[in-house]
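One structure is given here, and the rest of the page talks about it.
Order of the sequence lines sets the chain letters (A, B, ...), proteins ahead of strands, with each chain counted from 1.
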Amino acid sequence: MTMPFDANTDVSNEALLVAFGNGDRVAARELTMRLTPRIVGFATRILGDRAEAEDVAQDAMMRLWKVAGEWRQGEAKVTTWLYRVVSNLCTDRLRRRRSVGLDTISDPPDDTPSAEAGMVQSQRNSALNDAVLNLPERQRQAVVLRHIEDMANPEIAEVMNISVEAVESLTARGKRALVTALAGRRGELGYEDD
Amino acid sequence: MTKENQLSDQELDDVFAQEAANEQTLSPALMQRILEDADQVLAAQKAPEISARPAGQFTLWHSFISAIGGWPGIGGLATATVVGIWIGFSPPAAIDELAETYLADKNSAYDFGDFMPSIDDLLSEG
């Protein structure tokens with residue numbers, strides 16, 4: 001049985017996932033359209049590489065499809081689970097980069113998004129993204145989840161598998177570092193220099 | 001760089017808000033890759049269902065077979081059954097002779113009471 005999801009966007013992610021677990025392909029399409037742009041955006045901000053972020057998103061969605069059949073309703077939010085998977089996959093990739101010594105080469109800012117992505121970043125957002133990419137990895141994740149993905153601290157704690165206090169500490173330190181890093185780029189951010 | 005050049009909290013929040021408002025798009029190629037993965041998972045879920053059903057119906061039968069040692073056990077059991085029935089209906093002469101030798105003929109056969117202990121045996125002092 002397939003549900004007319006296009007006509008009813010009120011269907012929860014969880015209901016869609018359960019429908020997919022019962023063999024509904026239309027549910028997979030709706031979940032992909034809802035969730036993938038968000039996790040690609042998150043992974044891009046963490047990794048600084050759109051192509052790599054798309055690979056991570058595909059990997060995370062594959063894991064989601066595989067758990068759909070045994071998803072226990074009411075136990076976890078689909079988005080929290082998915083962000084956690086993405087967070088771990090990004091951490092793995094960053095660790096791998098370090099182990100092969102790629103960190104010695106400066107991270108290229110993701111200022112060349114693929115044409116198909118249609119993501120034209122303004123100078124303002126480039127300045128922010130550069131500064132975010134220069135934060136330590138855990139601070140970066142916490143800041144992006146809190147201030148760009150607009151997630152509440154308890155949910156971030158669940159995604160990152162740390163305490164709420166640790167999230168507060170990471171976001172506070174991350175913000176302070178950003179303020180310092182962006183001080184010389186007020187003009188790019190659209191603010192007049194004092 | 002002076003402290004005066006630093007962003008205020010409000011300014012930083014505005015920059016975050018602008019970034020968050022940037023709509024992320026999903027490339028058709030990525031969408032296709034992800035949906036192909038979904039199809040692959042669905043196909044894998046359906047495949048074992050077809051072969052699992054007959055196995056599920058004969059679970060007890062399969063347990064019994066494995067308990068007696070598999071199909072060779074079934075062969076042995078069938079042979080023993082046939083031989084038992086054959087002996088029952090048409091006993092070989094050797095078995096009759098054996099029975100007469102050790103149990104005497106049917107006229108002098110023991111009675112059930114012969115196997116019961118006598119009250120005298122129980123009352124006798126030793």
| request: Could you tell me which portion of A:Val144 (side chain, backbone, both or neither) has an atom closer than 4.5 angstrom to a non-hydrogen atom of chain B? | output: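 Contact with chain B is absent: no heavy atom of A:Val144 under 4.5 Å.
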
| request: Name the region of A:Leu31, side chain, backbone, both or neither, that has any atom closer than 4.5 Å to a heavy atom of chain B. | output: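 Interface part for A:Leu31: neither.
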
Determine the minimum heavy-atom distance between [X] and [Y], stating which atoms define it.
X        : Y        : result
B:Gln45  : A:Gly21  : OE1-O, 3.7 Å
A:Ile148 : B:Ala20  : O-CB, 3.3 Å
A:Thr32  : B:Leu26  : O-CD2, 3.8 Å
B:Leu12  : A:Leu182 : CD1-CD1, 4.0 Å

| Shared ILVMFWY cluster between A:Met33 and A:Val18, side chains joined below 4.5 angstrom? |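 Different clusters: A:Met33 never reaches A:Val18 through Ile, Leu, Val, Met, Phe, Trp or Tyr contacts under 4.5 Å.
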
| query | Could you state the interatomic distance from CG (B:Leu7) to CZ (A:Arg185), rounded to the nearest 0.5 Å? | reply |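 Reported to 0.5 Å precision, the distance equals 11.5 Å.
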
Taking C-beta and beyond as the side chain, do [X] and [Y] meet within less than 4.5 Å on heavy atoms?
X       : Y        : result
A:Trp65 : B:Ile34  : yes
A:Asp55 : B:Arg33  : yes
B:Phe16 : A:Asp150 : no
B:Val41 : A:Met62  : yes

| message | Tell me whether the count of non-hydrogen atoms from other residues, nucleotides or ligands lying under 6.0 Å of CD in B:Gln32 goes above 12. | response |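 Atom CD in B:Gln32 is not packed in, count stays at 12 or less.
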
| request: Identify which of B:Ala21, B:Ala38, B:Ser8 forms the greatest number of heavy-atom pairs closer than 4.5 Å to chain A. | output: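 The option with the most such pairs is B:Ala38.
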
| Most chain B-contacting option - heavy-atom pairs closer than 4.5 Å, from A:Pro37, A:Ala68, A:Gly69 |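 Winner by heavy-atom pair count: A:Pro37.
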
| query | For chain B, which of A:Arg29, A:Met61, A:Arg38 has the most heavy-atom pairs under 4.5 Å? | reply |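 Max contact count across the listed options: A:Arg29.
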
| query | Considering residues at least two apart in sequence or located in another chain, which fulfil the salt bridge (charged side-chain N to carboxylate O under 4.0 Å, His left out) criterion with A:Arg176? | reply |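 A:Arg176: no salt bridge (charged side-chain N to carboxylate O under 4.0 Å, His left out) contacts found.
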
| request: Using a strict 4.0 Å threshold on nitrogen-to-oxygen distance, state whether B:Asp37 and A:Lys66 make a salt bridge. | output: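 Not counted as a salt bridge, because no side-chain N and carboxylate O are separated by less than 4.0 Å.
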
